[in-house]
Amino acid sequence: MLIQPRTLKGFRDYPPALMIPREGLLEKARRTFRSYGFAPIDTPALEYAEILTGKGGDESDKQLYRFKDHGDRDVALRFDLTVPFARFAAENIGQLGTPFKRYAMGPVWRGENTQRGRYREFWQCDFDTIGTTSNASDIEIVLVIHDLMRSLGLERFRIHVNNRMVLNGLLEEIGLAGKTTDALRALDKLAKVGRDGVLAELGEKGVAAEAGNKLLDLAQVQGTNDEILAHLERDFGGNAKTAEGIRRLRELLGVVRTAGIDDARLRLDVAIARGLDYYTGTIYETFLDDLPTIGSVCSGGRYDNLAGLYTKQQLPGVGASLGLDRLIAALEELKMLPNVATPAPVLMVQFQAEYLGRYQAMARTLRAEGIGVEVYPEPKKIGAQLQYAEKRGFRLALIAGAEEFEKGVWKLKNLAAREEKTVAAGEVADAIRPALAGG
RNA sequence: GUGGGUGUAGCUCAGUUGGUUAGAGCGCCAGAUUGUGGAUCUGGAUGUCGGGGGUUCAAGUCCCCUCACUCACCCCA
């Protein structure tokens, strides 16, 4: 009896067509993080359950993959990279010193129901700064998100920002301080369920219609980012928390603008709150203009108390996380993924088997020049080999037989253009480079 | 986790009120074409109808269970 080959719900295989762009995105993300001075770290997939529970709220506890290991230890798979980082920081901050900036990329697991762009195993690319409450770090996160998205080839996106202090202050002022979580969760759905929907949910949670309306009025203030801030300040600037939140947001907008980023990229959105309980200040979400329904592809915020669960030392932090698999799902849907199943751009046609040695010699020469070359393994008909090359997404093919070797030349074929030119043996690499440069 | 939808060839799908050997397009393979792939022609292979069980003389079609995908809720990357 054969075992049926299959994967678990929410867990996936990654064929070359997914893995090649995936590795490309990871490489670009890595370069961006490093360019800002974030240093790489990694932490285990498995942690003591007590490290992870109670950090993201009830919901993330429910979603935890949790079990007893062979030593009867209560363990769980990480559901994000931020909580393990807080544990790591608490353990090692003495050696690391502050401020400390790190990036980490790896899989996380959440046992929730699947949906488009939503899996039970997915990769996050996290970047965080800990050890400082300086708003400069909050602002830098916006710059990183922006440059990250651009480096990944995305132009049409918008970074939504908010600050929990603004919301917390507002809630205090309208008498909802005790219902912060309920109120924020309801408010978070504004874009989805509309004003009446939010009011209804607030009503269920015991919030009076008057307070609910007040909250919504504020969350729905229209205008430019600056106008919204001015409006909030006028009405609630007297509250210390709100005032501080506004100050930070205003500085953020100003610095980002001065740093040369288009205002239209940033959207002050008082309605976003984020479900994770550990956020305390600035909040970020990033949406694709062409596919907003897939959700935020890069989110995060400031968490000033997270590491406090593991150490008495004050370790505030701020950061965000790129949802790699969700982003790839979006790119796939937007047909922005190249249909390439080969990581090497050049196919060496095995035209006449007796010249295999010469083919391999040329392939090695090119590889030494940094050009990826695959030598076709069988001396099949040239047409068949070219067809293989096109199907896999090779850019160029090299062809040579007795005639060419006699003259000391190679035929270099551009697969897409179906154009062929003859190149002297010593100039093959030079001829290939410009042909590959054009995207 | 809750509720709705879907699941037929590699892909996109058709398949009438249950009724013989389950179809189309595209793709794939071989040949026409033993130094060159987008065309044409000829020939060819395609499937446990997601899986299991049941009703029936008879199930792709009806019922139950299960798995996966998908949408909504919830939550989130």
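Side chains included, hydrogens not; waters and symmetry mates left out as well; all remaining heavy atoms used.
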Tell me what [X] touches on the nucleic acid: a base, only sugar-phosphate, or nothing, going by heavy atoms under 4.0 Å.
X: Y119(A); answer: base
X: G111(A); answer: nothing
X: K413(A); answer: base
X: E403(A); answer: base
X: E121(A); answer: nothing

Exercise. Scan residues 372-385 of chain A against RNA chain B and write down, sorted by residue number, each residue with any heavy atom closer than 4.0 Å; if none is found, say none.
Key: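 Going residue by residue through residues 372-385 of chain A, the ones with a heavy atom under 4.0 Å of RNA chain B turn out to be I382(A), G383(A).
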
If you measure from the [atom1] atom in [N] to the same atom in [M], how many Å do you get, rounded?
N: U6(B); M: C64(B); atom1: P; result: 14 Å
N: A68(B); M: G51(B); atom1: P; result: 15 Å
N: C26(B); M: C73(B); atom1: C1'; result: 39 Å
N: A45(B); M: G37(B); atom1: P; result: 27 Å
N: G52(B); M: C41(B); atom1: C1'; result: 47 Å
N: U56(B); M: U61(B); atom1: C1'; result: 13 Å
N: G5(B); M: G10(B); atom1: P; result: 27 Å
N: C29(B); M: U8(B); atom1: C1'; result: 23 Å

Given [options], which nucleotide is nearest the side-chain atoms of [X]?
X: L415(A); options: G35(B), C75(B), G37(B); value: G37(B)
X: R418(A); options: C73(B), G38(B), U36(B); value: G38(B)
X: Q63(A); options: C71(B), C75(B), G37(B); value: C75(B)

Would you mind reading off the distance between [X] atom [atom1] and [N] atom [atom2], rounded to a whole angstrom?
X: K391(A); N: C11(B); atom1: NZ; atom2: C1'; value: 12 Å
X: R110(A); N: C74(B); atom1: CZ; atom2: C1'; value: 14 Å
X: E332(A); N: C69(B); atom1: CD; atom2: C1'; value: 14 Å
X: R120(A); N: U70(B); atom1: CZ; atom2: C1'; value: 14 Å
X: Q387(A); N: A30(B); atom1: CD; atom2: P; value: 9 Å
X: K9(A); N: C69(B); atom1: NZ; atom2: C1'; value: 8 Å
X: E419(A); N: G37(B); atom1: CD; atom2: P; value: 16 Å
X: I294(A); N: C71(B); atom1: CD1; atom2: C1'; value: 13 Å

Practice problem: Could I get the full list of ring-ring contact (aromatic ring centres under 6.0 Å, His included) partners for Y388(A), not counting sequence neighbours? | Solution: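 ring-ring contact (aromatic ring centres under 6.0 Å, His included) check on Y388(A) returns Y376(A).
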
Quiz item: Excluding sequence neighbours, so at least two apart, what forms ring-ring contact (aromatic ring centres under 6.0 Å, His included) with F394(A)?
Solution: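 Listed in chain order: nothing, the list is empty.
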
Taking side-chain hydrogen bond (donor to acceptor under 3.5 Å, both in side chains) as the test, write out the residues that go with [X], two or more places apart.
X: D69(A); answer: R73(A)
X: E333(A); answer: R116(A)
X: E121(A); answer: W109(A)
X: N113(A); answer: none

Are any protein N/O atoms closer than 3.5 Å to N/O atoms in nucleotides 2-7 of chain B? If there are, list each pair with its distance.
from: U2(B); atom 1: O4; to: N113(A); atom 2: ND2; distance (Å): 2.9

Quiz item: Should the heavy atoms of other residues, nucleotides or ligands under 6.0 Å from CZ of R364(A) be counted, would the total exceed 12?
Solution: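 Open.
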
Quiz item: Mind pulling the stems RNA chain B is in, i.e. runs of at least three Watson-Crick or G-U pairs, everything under 3.5 Å?
Solution: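 The stems that RNA chain B takes part in, listed by first number, are B:1-7 with B:67-73, B:10-13 with B:23-26, B:28-32 with B:40-44, B:50-54 with B:62-66.
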
Practice problem: Give a yes or no answer on whether the side chain of Y119(A) reaches the backbone of K9(A) with a donor-acceptor pair at less than 3.5 Å. | Solution: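 No; judged by distance alone, with no hydrogens or angles, the pair does not exist.
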
Quiz prompt | Check: R248(A) main-chain N/O paired with N135(A) side-chain donor or acceptor under 3.5 Å | solution =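 Judged by distance alone, yes, a pair lies under 3.5 Å.
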
Practice problem: Assign each of Q352(A) and R118(A) to its nearest nucleotide of RNA chain B by heavy atoms, then name whichever residue's nucleotide is nearer the 5' end. | Solution: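 The residue whose closest nucleotide sits nearer the 5' end is Q352(A).
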
Self-check item: Comparing L386(A) and G117(A) on RNA chain B - which has the more 5′ nearest nucleotide
Solution: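 Its nearest nucleotide being more 5', the pick is L386(A).
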
Quiz item: Run the side-chain hydrogen bond (donor to acceptor under 3.5 Å, both in side chains) check on Y284(A) and N162(A) step by step: do they pass?
Solution: CA-CA 7 Å; Y284(A) 318 90; N162(A) 191 17; over 6 Å; no

Self-check item: Inter- and intrachain pairs under ring-ring contact (aromatic ring centres under 6.0 Å, His included), touching residues 330-357 of chain A, at least two apart
Solution: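 Qualifying pairs, neighbours excluded: Y355(A)-F405(A).
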
Quiz item: Are R326(A) and C76(B) close enough that a side-chain N or O sits under 4.0 Å from OP1 or OP2?
Solution: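 No, because none of the side-chain N or O atoms of R326(A) sits under 4.0 Å from OP1 or OP2 of C76(B).
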
Quiz item: What pairs of residues pass the salt bridge (charged side-chain N to carboxylate O under 4.0 Å, His left out) test when at least one of them lies in residues 378-394 of chain A, not counting sequence neighbours?
Solution: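 Listed by first then second residue: E390(A)-R418(A).
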
Side-chain donor-acceptor contacts of residues 122-132 of chain A below 3.5 Å, not counting sequence neighbours, with atom names and distances?
from: D126(A); atom 1: OD1; to: S321(A); atom 2: OG; distance (Å): 2.6
from: D126(A); atom 1: OD2; to: T82(A); atom 2: OG1; distance (Å): 3.0
from: D128(A); atom 1: OD1; to: R102(A); atom 2: NH1; distance (Å): 2.7
from: D128(A); atom 1: OD2; to: Y303(A); atom 2: OH; distance (Å): 2.5
from: T132(A); atom 1: OG1; to: S134(A); atom 2: N; distance (Å): 2.9

Practice problem: Tell me, with the steps shown, if Y103(A) and R34(A) meet side-chain hydrogen bond (donor to acceptor under 3.5 Å, both in side chains). | Solution: CA-CA 8 Å; Y103(A) 72 89; R34(A) 286 172 175 253; 3.0 Å; yes

